[in-house]
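Only heavy atoms go into these numbers, but all of them, side chains included; no hydrogens, no water, no symmetry mates.
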Amino acid sequence: MRGGQAAMAGQGQGQQPAGHLLRVLGPAFALAVGLGSVIGGGILRTPATVLDAVPDTSIALLLWIAVGIHSLIQANVVCEVMTLWPKSGGQMIPAREAFGEPGGLLVGWTDWLGSVASIASLALLGGEFLALIFPDLATNKMGIAVAVLTAVVGARAGDREGERSQLVGSALKTLFLLGVVALIFVAVPAAAPMAKSDLSAAVTTAPFGFAALVIAYQTIIGAYAGWPNGAYFGGEDVDPGRNIPRAIFTTIITTGLLFILVTFALNHALTLAQLRQSKLPIADALTPLLGPDAVKLVAAGAALIVITCCNAGVMVASRVLYALAEDRLFPSVAGRVNRGGSPWVALAMTFIAALGLVFTGSFETVFVIMAALGIVPTLVVELSLFKLRRDQPDLGRPWRARLYPWLPALAIVLDAGLLSGFVIADPKSGLFIIGAIAIVLPIGLVMSRRRHEIAT
């Protein structure tokens, strides 16, 4: 291990010096940050987006289930490689160990950009939801988004504060969604069956083909994004080898079931045409019961969901920059940590970058960018499993990938195919991916060559 994290790994909680990440986080936080990252704006807005791409709700439901299974296959690999070294920083750590500076820089850079895009999309969504509660602010949604982002970043005093806010926020929003689902099933009458002419019109609204299927899958991937995030705090977790795998698998299973319940509830209360036209389907589902107040009630719950998700995203993104700085793949100033255990310079850099994306003003655009960028680091980490098994077979592995090599190989095939599909079906996302790789790979190769020259 390198730098401050190496020293930290051998110290007890009370012995850790100021200016380093603190090993104070437990299993509840690992789960809370996973749930808090995944249960975000995606489930509130994406049902309509998915149904714009597929012809009926049964296909949409199958896609939600398929992405959940896909995530479990990915997690089988991620849990092994991200528990090999008890460090904070996420997927760039195994990539750096397996592929050197180019791999670490590529994964760290794209991972951070994807996290920044996630934070920006959540801030934009928070602006939309708060404008529903306070209609007078509807003309300045972008200003609200900036205020949301500023408030979340400004509240990050330290690990303890971040842990408490994440635990409370994740619990509240999970209970909120479960309550809404129960209310819809119990008190909202089933939607009337659509007439054949209306059903035909609804089904043919959007042509269905390969591109539409990929876009729908990409959108759902974005909704599930964040399930590995408990592993980004490995250097601050009191027992990462045990807590991280449990948190990751529990996050995927819990959120997958919750997404399916929400989808069933929406299908119960709304017709296909209504779902396609809705910007906030849960509010529309509750309108027959609560009237106009449904929008404000759901918007208030949605604002809570978005803010806690944004909190998790900010904490994760700052750890990626911190790890890059610790490995000397980014300016060392990003490795500065305050007395509370937060990498404050990395937080500030994340804030500035997210602010730039907020000014695009489009949730959909930023959300798709996030989903596309998220595939790159995961694919590289999956490849790193095979290289690390070959090069370092004697490493202690708290978690060993099941059904090796076949199930990990399936993960690589799925994600490589998905990445190709993203580039073909959505050229804009492809350009972002290619641009990110084109920027960092040459830098990483030059850094690696220079270090090799110095060493020899």
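Crowding of Phe264 atom CZ: a count of heavy atoms from other residues, nucleotides or ligands under 6.0 Å not exceeding 12. Within a 6.0 Å sphere centred on CZ of Arg397, heavy atoms belonging to other residues, nucleotides or ligands number more than 12.
Two residues are said to be in side-chain contact when any heavy atoms from C-beta on lie closer than 4.5 Å; Leu177 and Ile282 meet this criterion. Between Pro408 and Glu382, the closest side-chain pair of non-hydrogen atoms is not below 4.5 Å. Residues Thr255 and Leu35 meet the side-chain proximity criterion, which asks for heavy atoms closer than 4.5 Å. Counting heavy atoms from C-beta outward, Leu280 and Glu128 have side chains that stay 4.5 Å or more apart. Side-chain contact between Thr378 and Gln91 is present, with heavy atoms from C-beta onward closer than 4.5 Å. With contacts defined as side-chain heavy-atom distances shorter than 4.5 Å, the pair Trp85/Arg96 does not qualify. Phe386 is listed as a side-chain neighbour of Ile412, based on a closest heavy-atom distance under 4.5 Å. Using a 4.5 Å heavy-atom cutoff, the side chains of Tyr232 and Met315 are not in contact.
The backbone N or O of Ser342 lies less than 3.5 Å from a partner atom in the side chain of Asn338, making a donor-acceptor pair. For the pair His268 (side chain) and Val188 (backbone), a donor-acceptor distance under 3.5 Å is present. Side-chain N or O atoms of Ser318 include none that pairs as donor or acceptor with a backbone N or O of Leu347 at under 3.5 Å. Between the side chain of Asp415 and the backbone N or O of Leu418 there is no donor-acceptor pair closer than 3.5 Å. Listed for the Lys173 side chain is a donor-acceptor partner under 3.5 Å among the backbone atoms of Gly36. Remark: side-chain polar atoms of Ser278 are not paired, donor with acceptor, to backbone N or O of Leu275 under 3.5 angstrom. Side chain of Ser170 to main chain of Ala32: a donor-acceptor pair is present (N/O by atom type, distance under 3.5 Å, no hydrogens or angles). Side-chain atoms of Thr350 come within 3.5 Å of backbone N or O of Ala346 as a donor-acceptor pair.
Rounded to the nearest 0.5 angstrom, Cys309 SG and Ile307 CD1 are separated by 11.0 Å. Taking CD1 from Ile39 and OG1 from Thr174, the interatomic distance works out to 3.5 Å, rounded to the nearest 0.5 Å. To the nearest 0.5 Å, atoms CG (Leu410) and CD (Gln74) are separated by 10.5 Å. Between atom OG1 of residue Thr271 and atom CD of residue Gln277 there is a gap of 7.5 Å, rounded to the nearest 0.5 Å. For the atom pair Ile59 CD1 and Leu213 CG, the distance stands at 8.0 Å (nearest 0.5 Å). Taking OG of Ser88 as the start and CG of Asp237 as the end, the distance is 8.5 Å to the nearest 0.5 Å.
The minimum heavy-atom distance between Met92 and Leu324, with the atom names listed, is CE-CD2, 3.6 Å. Between Ser71 and Ile252, the closest heavy-atom pair is O-CD1, 3.5 Å. Across every non-hydrogen atom of Pro228 and Val78, the tightest pair is CB-CG1, 4.4 Å. Pro94 approaches Val381 most closely through the heavy-atom pair CG-CG2, 4.4 Å. Nearest heavy-atom pair across Val320 and Gly108 is CG1-O, 3.3 Å. Nearest heavy-atom pair across Ala212 and Ala53 is CB-O, 3.2 Å.
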- Message: As a quick check of understanding, evaluate salt bridge (Lys or Arg N to Asp or Glu O under 4.0 Å) for Lys87 and Glu326, giving each step before the final call.
- Response: CA-CA 10 Å; Lys87 301 174 66 175; Glu326 284 288 284; over 6 Å; no

- From CA spacing to verdict: side chain to side chain contact (heavy atoms under 4.5 Å, CB included), Ile65, Ile69: CA-CA 6 Å; Ile65 296 171; Ile69 295 172; 4.1 Å; yes

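Neither side chain, Gln274 nor Asp284, offers a donor N or O lying under 3.5 Å from an acceptor on the other.
Among Asp239, Ile244, Thr83, the single residue meeting the side chain to side chain contact (heavy atoms under 4.5 Å, CB included) criterion with Pro398 is Thr83. Just one of Arg400, Arg389, Arg402 meets the salt bridge (Lys or Arg N to Asp or Glu O under 4.0 Å) condition when paired with Glu80; it is Arg389.
Ring geometry for Phe259 against Tyr224 counts as perpendicular: the plane angle is over 60°, on a 0 to 90° scale with 30° as the lower cut. A tilted orientation is assigned to the rings of Phe249 and Trp399, their planes being inclined by 30° to 60°.
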